[in-house]
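Structure first, then comments.
Below, chain A is the first sequence line, B the second, and so on; all start at residue 1. All of these numbers come straight from a predicted model, not from anything done at the bench.
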Amino acid sequence: MLIRRPSDILPSEITPREVYLNRRQWMTGAAGLAFAASLPGGLAAAPLSAAKSPFSTDEKLTSREDVTSYNNFYEFGTGKDDPAAKAKSLKTSPWTVKVDGMVGKPAEFAIEDLIKASALEERIYRMRCVEGWSMVIPWVGFPLADLIKRVEPLGSAKYVAFETAYRPEEMPGMDSVFPVLEWPYVEGLRLDEAMNPLTIMAVGLYGETLPNQNGAPIRLVVPWKYGFKGIKSITRISFVEKQPATSWNKQAPSEYGFYANVNPGVDHPRWSQATERRIGEGGLFVKRRPTLMFNGYAEQVASLYTGMDLRKLY
Amino acid sequence: MAGRASAPAAKGFTLPQVPKILVYIVGFIPAVWLFYAGVMDQLGADPMRYLEQALGLWALRFLIATLAITPLRQLFSINLLRYRRAIGLLAFYYAALHLITYLVLDQGLDIAAIVADIVKRPYITIGMATFVILVPLAVTSNNAAIRRMGGQAWAKLHKLVYVAAVGAVLHYILVVKSWPTEPLVYAAIVAMLLGYRLVRSLVKKPSPRRRPA
């Protein structure tokens, strides 16, 4: 019986934390980015230089191995190990992100330009999956607010809609017998949520460019919401007036809301959200830990939702 | 488990007989491997969840295997009846290991959380009910019980395995997000095995007598 697929990353390819932390000190941003931009898609991770952030948690990091081998990316299959095993086929270069809708300056950004124009930061965030497990992940990215300001949204823009690449020929999970979701994967945020300084566009993790399975080359990270809000491999960002459709909400509206804020007091209809298992903590004998309101980011984001009934607007 | 307690293995294909203990030994290999791999940290990033799901899946597989024995005999004259008790008991043992994993490793014996789960979560309610159904079947899976109960009553009781099979696949479907293929495949297999019995019982029933016009 096959217990586990061999990892695609040879142990020899995994950079020890001390080495890349050290390397980051002398790699100038420009040199590192030029190297990253020159790499064709699906190849080995390239180092990224990133400033530290006060928003980072000092909790123990989930291992790189676990972060890159255990996650959901249904375009590549419904198994937790499917993304790591199958996402190699996604071509991430060339890659453009189209920004359109109610903006003064619609644009189509080449990913390398987008990275070059941004001040990258390391953001160590808790990630809480709607399924009841969590990780601590050192993302590298830039505030979504930076990008939003650059394209100058019009006063009528109230929401931001995101879309994942639609590439059935490169994404083997999209042609399952019963489509698990309607493709392409779409997500959305209210404009003020998108502008919150915690919301980032991640282009890397563990000091290097994103592995394909984690949403290369660019993905959303909204740490106070369930993981499925963090749409991966984004090709389009649109500014709209009405609340946009979101994939899981379309699939099961009674189970997954537009907001999807982490909330221990509002259970998933089929399971409790009161506790979570931190991946890599305790192995077989993992102890559940209490889930925190807004995943522990209440101080920064609770004010976004004052006066809202979070039981109804889950 | 259902059906006649003992049937002559006279007709059809004769398979070389192996000692029943071998069925148990082979049947427990996945459990031993899973626990070993779990302790050695070889079950991936979320080993507890992997163990829990794998044990449940093996329980369902053995349950399906017990249900396959009658159609195999009737349709293909392959007689595995002498192993059915062992396979059925393996299904029960795996269900018990699955339940223990949930109670001890997953919930950490947090009684309040477990009770809340059973009351509030249909998939847990159904899973628990399925296990409860399997208990009397396992307890009566011995010759003494058959003698004590009488063959007919015993066979009637063991028809509950059909309910358990439906409960097991429902439990599986309700725990996943959306409609992934794998639980639906198991559901289809159970539907075929139960559908076969339904069709056969309808076909075998004497047709109602025609009234003269």
Side-chain angles (χ1 to χ4, degrees), chain A residues 1-5 7 62-72 74 77-82 84 129-135 173 176-182 228 247-248 250-252 255-256 267-272 274-275 277-290, chain B residues 29-54 57-58 61 101 104-110 112-127 170-171 173-185 187-188:
Chain A
M1 180 183 165
L2 186 59
I3 290 297
R4 170 170 208 182
R5 289 202 185 95
S7 165
T62 304
S63 74
R64 189 199 157 103
E65 159 86 21
D66 285 350
V67 171
T68 57
S69 66
Y70 186 86
N71 69 331
N72 288 319
Y74 276 19
T78 53
K80 296 274 183 299
D81 47 2
D82 282 336
C129 178
V130 74
E131 296 166 352
W133 51 270
S134 63
M135 291 182 173
S176 59
V177 192
F178 310 95
V180 281
L181 290 169
E182 199 183 309
F228 68 84
S247 284
W248 278 102
K250 281 193 284 182
Q251 202 279 327
E255 302 189 344
Y256 312 99
D267 287 341
H268 185 283
R270 290 181 286 146
W271 55 80
S272 165
T275 58
R277 281 169 294 113
R278 181 64 55 84
I279 298 299
E281 197 179 69
L284 263 192
F285 307 98
V286 58
K287 271 192 92 137
R288 285 176 175 272
R289 48 165 73 216
Chain B
I29 288 174
V32 171
W33 169 245
L34 281 166
F35 279 107
Y36 171 77
V39 170
M40 301 306 284
D41 197 18
Q42 293 298 305
L43 293 182
D46 200 355
M48 190 287 299
R49 183 48 50 91
Y50 191 105
L51 175 73
E52 188 176 49
Q53 290 178 347
L57 208 47
W58 279 106
R61 287 171 185 152
T101 304
V104 179
L105 296 181
D106 189 342
Q107 297 298 328
L109 288 175
D110 179 343
I114 292 164
V115 171
D117 258 3
I118 296 173
V119 177
K120 281 164 78 177
R121 319 282 164 212
Y123 84 94
I124 300 278
T125 317
I126 291 171
L170 267 181
H171 172 65
I173 287 174
L174 281 174
V175 75
V176 296
K177 293 193 302 184
S178 185
W179 301 96
T181 314
E182 205 182 354
L184 296 177
V185 169

Query raised in the report: Checking heavy atoms, do the side chain of B:D110, its backbone, both or neither come under 4.5 Å from chain A?
Result: neither
Report task. Please state whether the side chain, the backbone, both or neither of A:T78 comes within less than 4.5 Å of a heavy atom of chain B. Result -> side chain
Report summary line: Answer key: most heavy-atom pairs under 4.5 Å with chain A among B:G38, B:P180, B:S178, B:A113 is B:S178
Report summary line: Turns out that what part of A:V130 lies under 4.5 Å from chain B's heavy atoms comes down to side chain
Requested in this report: Please report the shortest heavy-atom distance between A:N72 and A:W133, naming the atom on each side.
Outcome: ND2-CZ2, 4.4 Å
Report task. Determine, for A:E281 against A:R289, whether the closest basic-nitrogen to carboxylate-oxygen distance falls under 4.0 angstrom. Result -> yes
Report summary line: Of the listed A:H268, A:E131, A:M135, the one with the largest count of heavy-atom pairs under 4.5 Å with chain B is A:E131
Query raised in the report: B:T125 side chain to B:I118 main-chain N or O, any donor-acceptor pair under 3.5 Å?
Result: yes
Report task. Against chain A, label B:L51 side chain, backbone, both or neither, depending on which of its atoms sit under 4.5 Å from a heavy atom there. Result -> side chain
Query raised in the report: Is any NZ, NE, NH1 or NH2 atom of the basic residue among B:D46 and A:K80 found under 4.0 Å from an Asp or Glu carboxylate oxygen of the other?
Result: no
Query raised in the report: Can you find a heavy atom in the side chain of A:R288 that is under 4.5 Å from one in the side chain of B:D106?
Result: yes
Report summary line: Taking every heavy atom of B:Y123 against every heavy atom of B:L174, the minimum-distance pair comes out as CB-CB, 3.4 Å
Query - Contacting region of B:V104 [heavy-atom separation from chain A under 4.5 Å] - result: neither
Query raised in the report: Which bit of A:R270 is near chain B, if near means a heavy-atom gap under 4.5 Å: side chain, backbone, both or neither?
Result: both
Query raised in the report: Side chain, backbone, both or neither: which part of B:I29 has an atom under 4.5 Å from a heavy atom of chain A?
Result: neither
Report task. Would you mind reporting whether B:V175 and A:W271 have side-chain heavy atoms less than 4.5 Å apart? Result -> no
